[in-house]
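For the single chain, residues carry numbers from 1 onward in sequence order.
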Amino acid sequence: MANNNPLTLPNALTLLRILAVPFFAIAVWYGHYWQAFILFAAAGFTDLLDGLIARTFNQSSELGAVLDPAADKLLMTTAFVLLAWRTQGMTAPIPVWVAILAISRDGLISFYAFASVDRLSDSKFHPSLLGKLSTAMQLVAITLGLLFNAIGYRSWMDPFLPEMYWVVASLALTSGIHYFMRATRSPAPMA
């Protein structure tokens with residue numbers, strides 16, 4: 001059951017993640033990849049922590065249900081854009097086409113959900129296992145991209161990175177298609 005009190009510890013942690021985004025972006029832009037990596041890892045930790053606290057101490061709220069995924073998407077979109085665009089001096093940039101697929105998937109799903117909010121069941125937009133797997137792989141790719149840029153070029157990265165990016169792109173595409181198939185499926189008749 002959602003709590004209507006917006007002043008919860010999980011919401012405070014989510015707001016910290018949102019406030020960290022500009023500092024993360026500045027760190028990536030100026031090539032401070034260790035700082036960016038630490039900020040991204042800390043944001044991931046607070047994401048896990050706020051969910052755990054919300055469930056354990058019944059501090060889920062309507063505001064948190066909106067803010068938490070928004071904070072995640074803001075951070076991940078920022079990371080994809082900067083790691084694909086600001087490639088000067090990077091040893092492990094994310095390919096632009098991978099970033100475009102990942103960002104487009106999230107943007108189209110969000111747009112469709114908002115445009116259809118009064119016509120579709122809320123359950124049709126809850127993350128599926130495929131969607132969660134896609135998001136997890138995107139997090140891994142961003143985290144490793146930041147780490148690899150921080151430590152510099154290593155020859156063992158050459159065969160590893162392209163395969164990882166293909167997996168990220170494939171999951172973004174298939175999970176996006178899956179969301180739309182689920183959302184547009186006609187509802188089961190009421191018994």
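The side-chain contact (heavy atoms from CB on, under 4.5 Å) check on L39 picks up F23, F24, with sequence neighbours excluded. With sequence neighbours excluded, no residue satisfies salt bridge (charged side-chain N to carboxylate O under 4.0 Å, His left out) with R105. Partners of L74 by side-chain contact (heavy atoms from CB on, under 4.5 Å), not counting sequence neighbours, listed by chain and number: I18, V21, T78. Residues meeting the side-chain contact (heavy atoms from CB on, under 4.5 Å) test with D106, sequence neighbours left out: K73, Q138. In this structure D68 satisfies the side-chain contact (heavy atoms from CB on, under 4.5 Å) test together with T14, R17, D47, D50, D72, sequence neighbours excluded.
Pairs passing the ring pair (Phe, Tyr, Trp, His ring centres under 6.0 Å) check and including a residue from residues 69-107, sequence neighbours excluded, read W29-W85, W97-W166. Identified under the ring pair (Phe, Tyr, Trp, His ring centres under 6.0 Å) test for residues 129-150, with sequence neighbours left out: F148-W156. Counting only residues at least two apart or in different chains, salt bridge (charged side-chain N to carboxylate O under 4.0 Å, His left out) contacts with residues 131-153 are absent. Judged as a salt bridge (charged side-chain N to carboxylate O under 4.0 Å, His left out), not a single pair has a partner in residues 28-40 (not counting sequence neighbours).
The shortest side-chain heavy-atom distance between V28 and L146 falls under the 4.5 Å cut-off. The side-chain heavy atoms of H32 and I38, taken from C-beta on, include no pair separated by under 4.5 Å. A 4.5 Å side-chain heavy-atom check between F40 and L139 finds at least one atom pair inside the cut-off.
Cluster annotation: L173 is connected to M181 through the hydrophobic network of ILVMFWY side chains, with a link wherever side-chain heavy atoms come within less than 4.5 Å. Note on L15: it does not cluster hydrophobically with V66, by side-chain heavy-atom contacts below 4.5 Å among ILVMFWY residues.
Under a 4.5 Å side-chain heavy-atom cut-off, the cluster of Ile, Leu, Val, Met, Phe, Trp and Tyr residues that includes L13 is completed by L9, L16, F45, L49, I53, F57. Hydrophobic cluster membership of I100, counting Ile, Leu, Val, Met, Phe, Trp and Tyr whose side-chain heavy atoms lie under 4.5 Å apart directly or via other members: V96. When hydrophobic residues (I, L, V, M, F, W, Y) are linked wherever their side-chain heavy atoms come within less than 4.5 Å, L52 remains an isolated member.
Among all heavy-atom pairs drawn from G64 and S61, the shortest one is N-OG, 2.9 Å. Looking at every heavy atom in both residues, A92 comes nearest to N149 through N-OD1, 2.8 Å. Taking all atoms of both residues into account, the shortest heavy-atom contact from I109 to G176 is CD1-CA, 4.3 Å. The two residues R182 and S128 make their nearest non-hydrogen contact at NH1-CB, 3.3 Å. Smallest separation of non-hydrogen atoms from A54 and P10: N-CG, 3.7 Å. Here the shortest heavy-atom pairing between Y33 and M90 reads OH-CG, 3.1 Å.
Crowding of Y30 atom OH: a count of heavy atoms from other residues, nucleotides or ligands under 6.0 Å not exceeding 12.
Under a 3.5 Å cut-off, the side chain of N11 and the backbone N or O of L7 do not form any donor-acceptor pair. No donor-acceptor pair under 3.5 Å is formed between the side chain of S104 and the backbone N or O of L101.
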Carefully, step by step, assess I94 and V168 under the rule side-chain contact (heavy atoms from CB on, under 4.5 Å). CA-CA 11 Å; I94 291 179; V168 169; over 6 Å; no
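Between W34 and F37, the two ring planes are perpendicular [angle over 60°; tilted spans 30° to 60°].
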